[in-house]
Amino acid sequence: MTEFRIYNTLTSRKEKFVPVDPPKVGMYVCGITPYGPSHLGHARCYIVFDVLKKFLDFLGYEVKYIQNITDIDDKIIKKSAESGKPPSEISRLCMESFMEDMEKLNVSKADEYPMVSHTIPQIIEFIEGLVENGMAYLSDGSVYFRTGKAEKYGRLSGRKLEDLKAGEGKGKKESPEDFSLWKKDEEYGWESPWGRGRPGWHIECSVMSHMTLGSVFDIHGGGLDLIFPHHENEIAQSYALTGCVPAKYWIHNGMVTLKGDKMAKSTGNFFLLSGLLSEYDPMVLRMYLLRTGYRQPVDFDTDRLSEEAKAYGKLADFKGELLARAESFSPSPADRSASEVKVLMDDLNTPAAIGEIFKKITPILSRFYAGTHTENDIREGYGALEIFEGVLGIKLPVPMKEEDREIQSLVDERQRLRKEKDFEAADHVREKLDRMGVEVKDTPTGPRWTKKIR
RNA sequence: GGCGCGGUACCCAAGUGGCUUAAGGGGGCGGUUUGCAAAACCGUUAUUUCGCCGGUUCAAAUCCGGCCCGCGCCUCCA
């Protein structure tokens with residue numbers, strides 16, 4: 001496959017990826033609402049889109065990646081009331097911890113993180129436009145969207161307007177399917193033509209994506225759970241004002257579940273990233289999440305995560321062996337025709353890519369040990385690692401860093417004692433290394449060591 | 001109830017009409033290697049089989065119909 005194909009929720013099929021204005025690619029991914037610590041589900045989403053971003057970079061596109069921050073909403077306000085801290089303080093702290101977690105997971109920063117609280121004038125302007133053209137109306141200090149007047153409502157989620165009408169009571173709305181663009185709020189609101197209030201849930205993304213990427217951009221992403229109502233309503237609003245569906249490709253990642261049920265804070269059914277990242281190697285976690293197709297659910301299991309550490313260890317060994325044999329080698333960039341790239345071309349198939357990399361690495365590693373490897377093995381190995389580390393973003397430890405001198409001297413010491421057949425002393429040194437978290441492996445070409453991977 | 005997704009070996013998981021008499025990882029088993037351990041290497045681990053039953057086709061895990069089971073969304077949610 002020589003072209004990149006990706007599944008588009010809007011058309012329910014895989015499509016050839018053709019940007020609106022190549023080589024530029026505009027990509028907008030729904031970001032977090034910072035009101036608490038992040039869990040594994042967040043990690044999966046931002047890792048998936050990070051891989052997509054890195055892959056598009058690899059293919060030569062110039063990606064502009066935007067991730068919004070919903071820094072004012074009901075949950076943050078509730079937290080504020082409980083803790084006495086202002087909402088801005090809560091969102092700032094949560095955002096910082098989110099950024100730290102993402103950095104550990106080797107998720108690259110987006111180009112911009114627009115925040116709702118900094119976008120109020122533009123949001124008001126957008127809503128005014130909708131009120132003026134009759135798609136929105138004022139009711140008791142709040143502004144609602146006239147969903148019934150939206151053209152082709154339900155195009156993304158397949159939802160039917162009639163079914164929504166049967167739903168909840170309408171309250172101050174003209175019709176139950178209408179949703180709020182602006183919510184009356186005397187305490188935490190901003191001044192507006194309709195009185196004090198704050199933006200509704202969906203409007204921010206319509207406004208911010210429009211501001212940063214224009215009225216039609218390439219990729220809009222987020223979790224599967226955002227398809228309805230969030231993205232559906234976003235499309236409806238934007239279309240009502242600009243006459244365009246804002247993004248060409250709508251891409252959604254599957255959920256992380258726990259014993260079959262969706263991981264969510266509201267149900268207490270979740271693993272926090274902070275805990276996981278201190279217990280397991282972040283790169284093992286990243287690899288584990290990429291071992292399942294991005295649209296499939298991942299049923300999280302710590303036993304599987306531990307298994308993954310072993311698979312990761314094999315790649316880490318491979319890198320060590322490769323570097324040990326390639327000192328004078330100047331690598332050429334990874335080839336688009338490589339099998340691991342080809343499978344990524346088909347809807348970002350990361351599990352297949354990892355499979356291809358293993359398939360490639362195993363015989364090369366065996367030739368390394370046998371001493372029969374060729375220049376081409378080194379080249380292929382480099383290419384595979386470039387995709388593994390650069391596109392999948394799973395970094396492998398670099399053996400022999402400056403700070404590892406002490407470890408190396410102990411390994412050398414043990415090897416000297418072994419040569420002298422003083423095995424008892426040699427085993428003592430090995431135990432000492434073991435306590436330092438270092439594992440020594442005696443290969444046919446001499447001892448090699450790795451830091452233990454959790 | 002409506003809409004959507006999925007059920008592949010001991011576990012995880014690709015594959016969605018012939019290139020697959022089903023990738024890859026983990027685990028198991030047998031062997032080589034080894035001071036010991038670990039690692040590594042070699043071989044093996046779905047062969048009327050891809051939830052069940054029918055159908056289409058020269059050809060199906062892959063398409064169609066029915067059924068069973070699981071999950072997500074329909075309310076905040078990555």
Side-chain angles (χ1 to χ4, degrees), chain A residues 9 12 14 29-33 35 38-49 67 70 73-75 78 98 154 157-160 162-164 166-168 201 221-230 232 252-257 260-267 270 287-288 291-293 295-299 301 303-315 317-318 321 339-340 343 346 349-363 365-370 418 421-424 426-427 430-431 434 439-445 447-450 452:
Chain A
T9 308
S12 304
K14 284 187 210 170
V29 175
C30 284
I32 54 159
T33 300
Y35 73 100
S38 307
H39 61 70
L40 238 201
H42 299 111
R44 183 180 193 200
C45 175
Y46 301 110
I47 287 172
V48 163
F49 286 100
Q67 207 182 102
T70 306
D73 98 324
D74 295 345
K75 294 184 290 291
K78 190 175 165 225
F98 169 74
S157 63
R159 218 57 47 126
K160 288 185 183 62
E162 304 83 74
D163 297 335
L164 300 175
E168 54 186 290
W201 179 27
L224 210 68
D225 53 355
L226 296 181
I227 294 173
F228 187 89
H230 186 52
E232 190 70 72
H252 296 95
N253 65 277
M255 299 291 102
V256 177
T257 60
D261 293 321
K262 182 178 158 188
M263 192 172 282
K265 284 187 203 170
S266 50
T267 54
F270 60 86
M287 181 166 170
Y288 168 78
R291 288 293 278 238
T292 301
R295 291 191 284 135
Q296 243 52 55
V298 169
D299 194 38
D301 178 356
D303 289 344
R304 282 243 48 248
L305 189 55
S306 302
E307 285 172 17
E308 203 58 38
K310 291 176 188 162
Y312 176 79
K314 182 169 176 179
L315 267 309
D317 284 352
F318 178 79
E321 299 297 330
S339 57
E340 63 273 17
V343 295
D346 185 13
N349 192 336
T350 56
I354 293 171
E356 290 301 324
I357 289 169
F358 271 108
K359 213 196 292 185
K360 193 171 281 185
I361 249 72
T362 304
L365 195 58
S366 108
R367 267 173 249 135
F368 279 168
Y369 288 123
R418 290 183 68 220
K421 305 258 186 231
D422 187 353
F423 297 120
E424 201 180 327
D427 286 350
R430 185 167 67 200
E431 279 158 28
D434 186 70
E439 186 175 28
V440 188
K441 300 159 184 174
D442 296 319
T443 73
T445 50
R448 211 166 285 297
W449 60 270
T450 48
K452 272 197 208 126

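We name chains A, B, ... by the order of the sequence lines, and we start the count at 1 in each one. All values below were derived from every heavy atom in this structure, side-chain atoms included, with hydrogens, water molecules and symmetry-related copies excluded. Quick caveat: nothing in here was measured; it's all calculated off a predicted structure.
- Taking only distance into account, the side chain of A:Arg430 meets the base of B:C36 through a donor-acceptor pair shorter than 3.5 Å.
- One finds the OH atom of A:Tyr312 at 12.5 Å from the CG atom of A:Leu305 (value rounded to the nearest 0.5 Å).
- Searching all strands for a Watson-Crick or G-U wobble partner of B:C74 with both distances below 3.5 Å returns B:G1.
- Comparing the P positions of B:C68 and B:U21 gives a spacing of 33 Å, expressed to the nearest Å.
- Within 4.0 Å (heavy atoms only), A:Gly221 reaches no atom of the nucleic acid at all.
- Rounding to the nearest 0.5 angstrom, the gap separating the CG atom in A:Leu164 from the CZ atom in A:Phe228 is 4.5 Å.
- Between the side chain of A:Asp303 and the base of B:G26 there is no donor-acceptor pair of N/O atoms closer than 3.5 Å.
- Counting any heavy atom pair closer than 4.0 Å across all strands shown, A:Ser38 reaches no nucleic acid atom.
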Kindly give the atom pairs (protein nitrogen or oxygen, nucleotide nitrogen or oxygen) under 3.5 Å for nucleotides 23-25 of chain B.
from: B:A23; atom 1: O2'; to: A:Lys359; atom 2: NZ; distance (Å): 2.9
from: B:G25; atom 1: O4'; to: A:Arg291; atom 2: NH2; distance (Å): 2.8
from: B:G25; atom 1: O2'; to: A:Arg291; atom 2: NH2; distance (Å): 3.4

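- As judged by a 4.0 angstrom heavy-atom cut-off over every strand, A:His230 is placed among residues making no nucleic acid contact.
- Residues A:Phe423 and A:Arg418 approach most closely at CE2-O, 3.8 Å, considering heavy atoms.
- Taking the nucleotide of RNA chain B with the nearest heavy atom to each of A:Arg44 and A:Asp299, the more 5' of the two is matched to A:Asp299.
- When both pairing distances are held under 3.5 Å, B:G6 makes a Watson-Crick or G-U pair with B:C69.
- Under the salt bridge (Lys or Arg N to Asp or Glu O under 4.0 Å) criterion, A:Asp261 pairs with no residue at all, not counting sequence neighbours.
- With a 3.5 Å ceiling on both atom-pair distances, the Watson-Crick or G-U wobble partner of B:G27 is B:U45.
- Closest heavy-atom contact between A:Met287 and A:Ala311: CE-CB, 4.0 Å.
- Here the separation of B:C50 from B:A61, taken at their C1' atoms, is 4 Å to the nearest Å.
- Taking the P atoms as reference points, B:U8 lies 14 Å from B:U62, given to the whole Å.
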